[in-house]
Amino acid sequence: MTPVHFSFSSAFVLGLMGLAFHRTHLLSALLCLEGMMLSLFIALALWALQFESTGFSAAPMFLLAFSACEASAGLALLVATARTHGTDRLQNLNLLQC
């Protein structure tokens, strides 16, 4: 495994571990998701450049577009949560309560 592949895989794993073990605020969970998506984007773009295939060159752009949609939906949920509950702490959110 090259150092470049190791750095992107470790960035993905760190984002995944941050999402799994450090879930106190909604903003930190969204930042971990965004870090995971960015590491996947860079890894997929480097993979397409490494194999010099034109068929896979559009895949990183689709991933980046989905990542932007995910970020905007996450920020909309963050704003809505902060307005209704007054905080973004995940412990204060109750999914069974309307």
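The chain is numbered in sequence order, starting from 1.
In this structure, Thr81 OG1 and Arg89 CZ are separated by 14.0 Å, a value rounded to the nearest 0.5 Å.
When hydrophobic side chains of Ile, Leu, Val, Met, Phe, Trp and Tyr are connected at separations under 4.5 Å, Val13 ends up clustered with Met17, Phe21.
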Tabulate below the donor-acceptor pairs under 3.5 Å that side-chain atoms of residues 2-12 make, not counting sequence neighbours, or state none.
unit_1, atom_1, unit_2, atom_2, d
Thr2, OG1, His5, N, 3.3
Thr2, OG1, His5, ND1, 2.6
Ser7, OG, Pro3, O, 3.4
Ser7, OG, Val4, O, 2.7
Ser9, OG, His5, O, 3.0
Ser9, OG, Phe6, O, 3.1
Ser10, OG, Phe6, O, 2.9
Ser10, OG, Ser7, O, 2.9

Compile the donor-acceptor pairs under 3.5 Å between side chains in residues 27-44 and protein atoms, sequence neighbours left out, one pair per line.
unit_1, atom_1, unit_2, atom_2, d
Ser28, OG, His25, O, 2.8
Glu34, OE2, Ser67, OG, 3.1
Ser39, OG, Gly35, O, 3.4
Ser39, OG, Met36, O, 2.8

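Applying the ring-ring contact (aromatic ring centres under 6.0 Å, His included) rule to pairs touching residues 57-76 yields nothing, sequence neighbours excluded.
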